[in-house]
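In the text below, chain A, chain B and the rest are named by the order of the sequence lines, each starting its count at 1. It should be emphasised that the depicted structure is a prediction, and the values quoted were computed from it without experimental measurement.
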2 protein chains.
Amino acid sequence: MFNLFFTHVQEKVLLSTAEQELVKNYFIPKKLRKKQYLLQEGDVCKYLSFVEKGLLRSYNVDDKGLEHMIQFAWEGWWIADTYSFLSGESAAYNIDAIEDAELLMITLPHFEEMTLKVPKMERYFRILFQNNIIAKERRLISSNTYSAEEKYTKLAETQPQLIQRIPQNLIASYLGITPETLSRIRKNITLKK
Amino acid sequence: MFNLFFTHVQEKVLLSTAEQELVKNYFIPKKLRKKQYLLQEGDVCKYLSFVEKGLLRSYNVDDKGLEHMIQFAWEGWWIADTYSFLSGESAAYNIDAIEDAELLMITLPHFEEMTLKVPKMERYFRILFQNNIIAKERRLISSNTYSAEEKYTKLAETQPQLIQRIPQNLIASYLGITPETLSRIRKNITLKK
DNA sequence: AAATCTGGTTGATCTACATCAAGTGTTATT
DNA sequence: AATAACACTTGATGTAGATCAACCAGATTT
């Protein structure tokens with residue numbers, strides 16, 4: 001269950017067997033069926049989750065009921081409902097499974113405790129978050145700078161796996177465009193060739 | 001020189017006097033005049049900088065020569081040229097001063113070393129980055145979800161200092177709209193009242 | 001096997017915002 | 001004091017992409 005997890009962690013920090021055992025105990029394994037929500041209705045707890053298997057998405061729903069993709073996560077990636085504890089937004093925040101998935105979850109209080117008990121995990125997450133900031137910055141610039149077609153082609157170049165695995169309508173939302181526009185863009189691209 | 005710096009660090013972690021001394025030695029103080037670049041032309045070193053005084057901006061320049069604001073930073077904030085070491089972008093990345101500024105800079109190699117030597121700083125940055133991710137996520141959703149007017153009014157509500165202190169044309173770029181559009185939006189808002 | 005649902009395509013129309021262009025007031029520069 | 005440079009405004013026009021609507025194919029449910 002923790003195979004992929006430790007493979008990924010060990011790429012950034014080296015844990016002793018004892019540390020590994022400590023870390024393991026903070027995580028709760030969970031399986032999700034396609035379309036199932038990560039959180040049950042009314043669940044107030046915030047989680048950070050590592051994806052061992054499958055594919056998830058996080059998204060919010062605006063006041064008009066439209067979904068906006070925030071992130072996709074598959075094997076080897078983390079996903080969290082971080083956004084939701086920022087107040088002042090009249091938006092719902094959800095995580096659910098696009099494909100059947102297996103996760104390792106940790107609550108935020110346990111996360112804080114673990115990073116104190118195992119400083120190497122503190123380091124692991126500092127590095128992870130640092131890289132994530134860069135990725136988000138890049139996406140932000142892309143969103144403000146490029147046309148819909150440029151955004152799509154850049155995504156297709158940098159993250160081909162994403163294009164293959166994720167339904168077009170969700171990719172459209174991730175890029176901040178409508179499914180119709182994405183469909184036309186794709187048609188246009190194939191015509192060019 | 002380090003007053004504000006340690007005030008901010010101590011909000012998240014408590015450093016001993018010895019640790020403070022250690023940390024201090026990794027930082028290089030620097031003063032910048034309005035419009036001066038943080039990096040000299042050809043400077044390859046990447047820095048992370050804490051703003052003690054003044055106001056900076058980071059931005060990139062696309063292939064059409066247009067500037068796109070990435071971040072603003074004033075007293076108590078950090079700014080970095082993180083984006084630039086991602087390859088595959090035909091874009092220049094700059095940091096410069098909007099107002100005269102005083103900084104504390106650390107190179108990336110020193111940063112890595114410091115976090116290893118002073119684990120509390122590792123923790124400080126993990127928390128800092130975690131919060132930054134949430135902020136960027138929020139900005140990304142805003143960018144994909146809302147109209148130009150909504151983006152501006154939301155920014156004005158959540159970051160009024162930013163509106164007061166930063167020239168309109170830069171705010172426009174930060175929101176991914178043109179200065180002309182922002183001008184019209186502001187006119188429109190005052191007319192409504 | 002029929003019916004419903006889901007993801008994608010295509011067309012017609014509409015609109016928010018960009019672009020181009022000219023003009024104003026204020027702050028630097030010589 | 002004259003002039004240039006800069007931040008902002010206002011108007012006229014163009015366009016990328018949204019919206020609305022109908023349709024289709026494959027998968028899922030009954």
Side-chain angles (χ1 to χ4, degrees), chain A residues 33-37 55 57 59 61-69 72 94 96-100 141-156 162-193, chain B residues 33-36 55 57 59 62-69 72 96-100 141-156 162-192:
Chain A
R33 276 303 172 70
K34 192 174 172 172
K35 302 206 175 173
Q36 202 181 339
Y37 290 112
L55 176 58
R57 69 206 255 249
Y59 60 99
V61 185
D62 68 21
D63 29 21
K64 284 163 208 140
L66 292 172
E67 292 178 358
H68 302 273
M69 295 309 120
F72 300 110
N94 280 315
D96 65 24
I98 299 177
E99 301 171 7
D100 290 1
I141 290 170
S142 172
S143 170
N144 285 344
T145 308
Y146 303 115
S147 70
E149 180 165 340
E150 285 168 326
K151 280 186 235 181
Y152 178 75
T153 51
K154 272 171 199 281
L155 184 70
L162 203 149
I163 306 288
Q164 288 156 27
R165 202 158 167 187
I166 290 161
Q168 262 189 55
N169 59 339
L170 302 186
I171 292 176
S173 163
Y174 183 75
L175 293 172
I177 61 180
T178 58
E180 292 97 326
T181 297
L182 182 53
S183 174
R184 282 184 252 264
I185 284 170
R186 284 170 54 89
K187 189 186 177 186
N188 194 29
I189 289 170
T190 52
L191 286 179
K192 279 184 188 168
K193 286 177 188 162
Chain B
R33 275 302 170 72
K34 193 174 170 170
K35 301 204 177 174
Q36 205 181 337
L55 176 59
R57 69 206 254 248
Y59 60 101
D62 68 21
D63 30 20
K64 283 164 211 142
L66 293 172
E67 293 177 358
H68 302 272
M69 295 310 121
F72 300 110
D96 65 23
I98 298 178
E99 302 170 7
D100 290 1
I141 290 172
S142 172
S143 171
N144 285 344
T145 309
Y146 302 115
S147 70
E149 180 166 339
E150 285 169 326
K151 281 186 234 181
Y152 177 75
T153 50
K154 271 169 200 282
L155 184 69
L162 204 148
I163 306 289
Q164 288 157 26
R165 203 159 167 186
I166 290 161
Q168 260 188 57
N169 57 340
L170 302 186
I171 292 176
S173 163
Y174 182 77
L175 293 173
I177 61 180
T178 58
E180 293 95 327
T181 297
L182 182 54
S183 175
R184 283 184 251 264
I185 284 169
R186 284 169 54 90
K187 187 185 177 188
N188 194 27
I189 290 171
T190 51
L191 285 179
K192 279 184 189 167

Self-check item: Contact check, side chains of A:P167 and A:I98, non-hydrogen atoms, under 4.5 Å
Solution: yes

Quiz item: Can you tell if the side chain of B:Y152 reaches within under 4.5 Å of the side chain of B:I189, non-hydrogen atoms only?
Solution: yes

What is the separation between atom [atom1] on [X] and atom [atom2] on [N], rounded to the nearest whole Å?
| X | N | atom1 | atom2 | value |
| --- | --- | --- | --- | --- |
| A:D100 | D:dT28 | CG | P | 11 Å |
| A:R165 | C:dG7 | CZ | P | 17 Å |
| A:Q168 | C:dT9 | CD | C1' | 9 Å |
| A:I98 | C:dG7 | CD1 | C1' | 13 Å |
| B:L175 | C:dA18 | CG | P | 11 Å |
| A:K34 | C:dT6 | NZ | P | 11 Å |
| B:I171 | D:dT9 | CD1 | P | 11 Å |
| A:R33 | D:dT28 | CZ | P | 13 Å |

Quiz prompt | Nucleotide nearest A:S183 when distance is taken to its side chain, options C:dT9, C:dG8, C:dT6 | solution = C:dT9

Practice problem: Please check if the side chain of A:T190 supplies one atom and the backbone of A:R186 the other of a donor-acceptor pair under 3.5 Å. | Solution: yes

Self-check item: Donor-acceptor pair, side chain of B:D96 and main chain of B:Q36, under 3.5 angstrom
Solution: no

Quiz item: Step by step, would you call A:D100 with A:K34 a salt bridge (Lys or Arg N to Asp or Glu O under 4.0 Å)?
Solution: CA-CA 5 Å; A:D100 290 1; A:K34 192 174 172 172; over 6 Å; no

Quiz item: What heavy-atom pair brings B:I171 and B:L182 nearest, and what distance separates the two atoms?
Solution: CG2-CD2, 4.0 Å

Exercise. Taking only the side-chain nitrogens and oxygens of B:N169, find out if one of them lies under 4.0 Å from OP1 or OP2 of D:dC8.
Key: yes

Between the protein and nucleotides 11-18 of chain D, list every N/O to N/O distance that falls short of 3.5 Å.
{"residue": "D:dG11", "atom": "N7", "partner": "B:R184", "partner atom": "NH1", "Å": "2.9"}
{"residue": "D:dG11", "atom": "O6", "partner": "B:R184", "partner atom": "NH2", "Å": "3.4"}
{"residue": "D:dG17", "atom": "OP1", "partner": "A:A148", "partner atom": "N", "Å": "2.7"}
{"residue": "D:dA18", "atom": "OP2", "partner": "A:T178", "partner atom": "N", "Å": "3.4"}
{"residue": "D:dA18", "atom": "OP2", "partner": "A:T178", "partner atom": "OG1", "Å": "2.9"}
{"residue": "D:dA18", "atom": "OP2", "partner": "A:T181", "partner atom": "OG1", "Å": "2.4"}

